[in-house]
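Accompanying notes for the structure given below.
Order of the sequence lines fixes the chain letters, A, B, ..., with proteins taken first and strands second; residue numbering starts at 1 for each chain. Only a predicted model underlies this, so the values are computations on that prediction, with no experimental measurement involved.
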2 protein chains.
Amino acid sequence: MSTHAARLYDRHRPLLERATRACATREYFSPFPETPDRYPDAAEALPRGAAAFEAQLNRPFELVQPGESGRLGDESSPYTGRPLGIDYPRADVDTLFDSAFRAIPTWRDAGPEARTGVCLEIVQALYAELPELVPAVMHTAGQSAAMSYAGSGTNALDRGIEAIVYAHQAMRAIPGEAVWERRFGSTPIRLRKHYRLVPRGVAVCFTCATFPTWNAYPALFASLATGNAVIVKPHPTGVLPMALSVRVARRVLDEAGFDPNLVTLAVDSAAEPLGKRLVKHPATAIVDFTGSARFGAWVEANAHPALAYTETSGVNTVVLDSTGDFEPVARSIATTMSLFSAQMCTSPQNIYVPRGGVSAAGRMMGLDEICEALVAAFKTVASEPKRAASIMAAIQSPDTLGLIDEMRRLGRERGTVLLDSRPYAHPDFPAARTATPLLLRLDTSARDLFCEERFGPIGFVIETDGPTQALQQATADVRAAGGITAFVYSTREDFIDAAESAYAQAGAQLTCNLTGPMPLNFAASYSDYHVTGLNPAGNATLTDPAFVSSRFRIAQSRRPAE
Amino acid sequence: MSTHAARLYDRHRPLLERATRACATREYFSPFPETPDRYPDAAEALPRGAAAFEAQLNRPFELVQPGESGRLGDESSPYTGRPLGIDYPRADVDTLFDSAFRAIPTWRDAGPEARTGVCLEIVQALYAELPELVPAVMHTAGQSAAMSYAGSGTNALDRGIEAIVYAHQAMRAIPGEAVWERRFGSTPIRLRKHYRLVPRGVAVCFTCATFPTWNAYPALFASLATGNAVIVKPHPTGVLPMALSVRVARRVLDEAGFDPNLVTLAVDSAAEPLGKRLVKHPATAIVDFTGSARFGAWVEANAHPALAYTETSGVNTVVLDSTGDFEPVARSIATTMSLFSAQMCTSPQNIYVPRGGVSAAGRMMGLDEICEALVAAFKTVASEPKRAASIMAAIQSPDTLGLIDEMRRLGRERGTVLLDSRPYAHPDFPAARTATPLLLRLDTSARDLFCEERFGPIGFVIETDGPTQALQQATADVRAAGGITAFVYSTREDFIDAAESAYAQAGAQLTCNLTGPMPLNFAASYSDYHVTGLNPAGNATLTDPAFVSSRFRIAQSRRPAE
């Protein structure tokens, strides 16, 4: 191990040990402040980051990597509607793979501790870059400043640390050497054995438009820590956050004495997508994919012989059975379904309600009354512009507005529009692309509408025969269309037991009876397993041992011991 | 956990802990005596097993499992040439899957410790059945009695225990519950979280003709311990060993209060193979495959969405550079290449020799002299009938004799027949299907002959330009055709270093400078990682954490803590 890398490992060992403990106990942990105001020197750092972002606009992004064959870039801000005017290197794909491949041996031979140290130093350097990353995420993904800081910043870095922890543990489980001895007949045989960890090769990491870093960091670090090189393929409408991240990773690798081509960027465009070519490239050993269910399914079926780790999408379900006061339930559901305009893979979409109503505070609330209470809660979220903006933020893709229009039309035909969607006036960005939630009421005959992810601020209240049927329908929909999160409100322990079993089999992570200021769909690093792999919403979990343990292999050599 | 299962876990915990330590240190371990003479009450038990086998001949195999729709069976003994006359239930595939599926919930809900205890009890029961398993393996696979006892008995059970250890560790790494607490704004949120392990579903375990249990036991136990059900699909020419094993597993499961349909047998025939149907069955969640490279490649490419774990075949290589005395080297190579007539996935096939010869005991032995020494060593192995039989045993498939004929013909055309193959007279079984090794000398222009597994007692001496070229050619062949084991003889540390690196990249497990009574290709449970997954010889390792960690998933449920 180089002295520099050894120093990095020593420096970050306390964090590694603390994070390792959190992964085992699943208790709360983060080395980072949760809100931007507590970022070190926030008053100075945040404006400096904003200024750096402004200075980047309408300029080439400086990223020196091999195989540049021209420039491209086509991002525009959901907040201003204006092109960012940033161009990035267009990379020759074969050159990227060749460079990545050549970078691996030194990285591989440096060993697990050196790689762990360097990866944690990259995390630290990304945290230092956070003030510039925040506006980059805002003006590509459309997230609020607070979510850009936490969801795409600190929480994403925590998920990255988590992946490093699991990679470190998986590698440590393989001893470097052993002495083995037994008799064959009367002759003792004594062998010295060496075990070495062999990375798979070059990994391709696809990142998505609305959450560019949250899945990318764990994938990047899981591959990198285990000795592989990584080519990052960002969504063409959201390149800047990962371009910044790749630049940081390359700088840290270089400073630590490693080939920066261990991490490179492959930018493409909607007109000339690179995705399938990267997946089918003969040198691709690992694919991490976050994005659409359609392309995710293609990746899963076609990545072979490369390993595929996917997180796509599904329908996240809410089942209402019974509760105390319904108002805080409605507020939590409405706030969570409004959060980032439901452009999260964990956003609830479908609310299943028994036709006979919901027992609330000892009386039955009828279905109409439930709908009214939900509508009122959604309206409250949208009522105060400053707060509305901090919750709903902006719409990443213009396609989402088209989908809202289509769903409104179909909702009128097939059911009832409980709450219509409209643009809201963002107090800071008058040109922001915005939309308040569309809430439709349907019955189960309209399954073709609700049993599919409708990406964006679109929700369904689905009338069911009763609580048991609500649970059955919801979990059947999860099995069919995928689902990551699920939410149940019930005062009956037997119903909660049944829901826990049903959702465990359907593979959606369940939250019961939660109200209050925590977004229902908040996924805590070190504690919440994200995606089960049991339904079509993805095959990989952030982060379990299976997410890292196949990214390297074990080669051994044995010989007679002296 | 049921009392019975709890007792089993407690009973086997000392073994579990000891085996867990061996997996970590990779030192020698086995709870079983290595040779049949030390089997408990051997003098009584072994004849009793032989008698039980004899009594089974020409009778229906008693296995009561669902969906029986007739009987079938077409095994014959490589030792006697006679049909075994045993028939097995022909199973309706959908019924097997339905029964397996229904058996899972109770098994799943029993939890990791109960399943671990029951799995170790099955191991113990299989060990008790070993006296009957030995003749069953002999008369289907053609192994010697000693190999049937150790390679297909104790060592296979050790690999099974190893899989149970890794499964137990992987499951233990996921806590059952946690309390998580942090503030959102000024509000403390305190959640109690439960994590449950969810098995994938129904696993299909393909077993091969020549080694029916060695890969099957680890696959069976890896799936079973993690909560899945297993349908065993034996090679139609070698059903009996796994039929006995399935019956034992079912009995133990039943006695422990679980549904025996967690383990069932799907017998097919060469005329009506079930393989593809089982792999593509919509309820198949996991496929373990041991067998031909061709079908293995099909499984890897087509199992999706099921997980696929494969071990197929390849070319196992020997590189000669320099040595002390060559005679013990030649003896080790010849003995290992004769062992079970090279019908092992670890048998060496290709010996790469520099044209300029090999430095041995301080002088250069020319290529001709090396060939002569090898031929002499092979002849010695075959010279004494009793010893020859104990090493070479019988040829499992008549196809192998055809392949020997074809290779002899091609060898004469393209190179030299150094040593011809002939039947040898087995002292105990005059009708045994036997063949001594065929050894051909070729140069690298005949790569189409040697760069492919030629299953059976067929070896190649390959002339190369020099030691470096020998290593390059050997590792290139491993990368192209797959390879599990590799063997190098060199007195030069720099050459050994180069070989370790080259084979680690090619993904074959290397043994250096080994001579003496241990077969070169002996793979020790708890110590030797079998198959790297880095070349076409298979994608799964016996046993590393990756072999077990994806066989179950994690579902969670969280709710406000009281």
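Of the listed residues (A:F547, A:F29, A:Y526, A:Y28), the greatest number of heavy-atom pairs within a distance under 4.5 Å of chain B belongs to A:Y28. Between chain A and the options B:W180, B:F552, B:Y503, the largest number of non-hydrogen pairs under 4.5 Å is found for B:W180. Taking A:E27, A:H194, A:R183, A:K193 one by one and counting their heavy-atom pairs under 4.5 Å with chain B, the maximum is reached by A:K193. Looking only at heavy-atom pairs under 4.5 Å with chain A, the residue among B:E493, B:R551, B:R200 that has the most is B:E493.
Of residues 527-537 of chain B, those residues with a non-hydrogen atom less than 4.5 Å from any non-hydrogen atom of chain A are, in numerical order, B:S527, B:D528, B:Y529, B:T532, B:G533, B:L534.
When heavy atoms are compared at a cutoff of 4.5 Å, A:I174 approaches chain B by way of both its backbone and its side chain. Contact annotation for A:T25: only backbone heavy atoms (N, CA, C, O) come within less than 4.5 Å of a heavy atom of chain B. Looking at A:R108, the atoms closer than 4.5 Å to chain B (heavy atoms on both sides) all sit in the side chain, from C-beta outward. Contacts between A:A170 and chain B at a heavy-atom distance below 4.5 Å are absent for every atom of the residue. Interface remark: A:S186 contributes no atoms to any contact with chain B (heavy atom separation under 4.5 Å). Contact of B:S501 with chain A is made through backbone and side chain together, with heavy-atom distances under 4.5 Å. When heavy atoms are compared at a cutoff of 4.5 Å, A:I104 does not approach chain B at all. Heavy atoms closer than 4.5 Å to chain B are found in the backbone of A:E181, but not in its side chain. Only the side chain of A:R196 comes within less than 4.5 Å of a heavy atom of chain B; its backbone N, CA, C and O stay farther away. Of the two parts of A:L514, the backbone and the side chain both hold a non-hydrogen atom closer than 4.5 Å to a non-hydrogen atom of chain B.
A donor-acceptor pair is defined here as one N or O able to donate and one able to accept, closer than 3.5 Å; such a pair exists between the side chain of A:N539 and the backbone of A:A308.
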*Go through A:V287 and A:L307 one step at a time and tell me if the side-chain contact (heavy atoms from CB on, under 4.5 Å) criterion holds.*
CA-CA 6 Å; A:V287 179; A:L307 304 177; over 6 Å; no
*Does the side-chain contact (heavy atoms from CB on, under 4.5 Å) test come out yes or no for B:R182 and A:E34, once each step is laid out?*
CA-CA 10 Å; B:R182 69 163 268 207; A:E34 289 280 343; 3.0 Å; yes
*Just do the side-chain contact (heavy atoms from CB on, under 4.5 Å) check on B:E177 and B:R192 with the steps written out, would you?*
CA-CA 7 Å; B:E177 60 175 57; B:R192 185 172 298 279; 3.4 Å; yes
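The side-chain contact (heavy atoms from CB on, under 4.5 Å) search around A:T20 returns A:L16, A:V165, A:Q169, not counting sequence neighbours. Taking B:T336 as the reference, nothing meets the side chain to side chain donor-acceptor pair (under 3.5 Å) condition, with sequence neighbours excluded.
Heavy atoms from other residues, nucleotides or ligands lying under 6.0 Å from CZ of B:R492 number more than 12.
B:T335 OG1 to B:L520 CG: the interatomic distance, rounded to the nearest 0.5 Å, is 8.0 Å. To the nearest 0.5 Å, atom OH of residue A:Y195 and atom CD1 of residue A:I554 are 9.5 Å apart.
In summary, the aromatic rings of A:F184 and B:F522 are positioned with their centroids under 6.0 Å apart.
Residue pairs meeting the side-chain hydrogen bond (donor to acceptor under 3.5 Å, both in side chains) criterion with at least one partner in residues 541-550 of chain B, sequence neighbours excluded, are A:S549-B:S549, A:R553-B:T541, A:R553-B:D544, B:E162-B:T543.
Under 3.5 Å, the side chains of B:T310 and B:E300 contain a donor-acceptor pair of N or O atoms.
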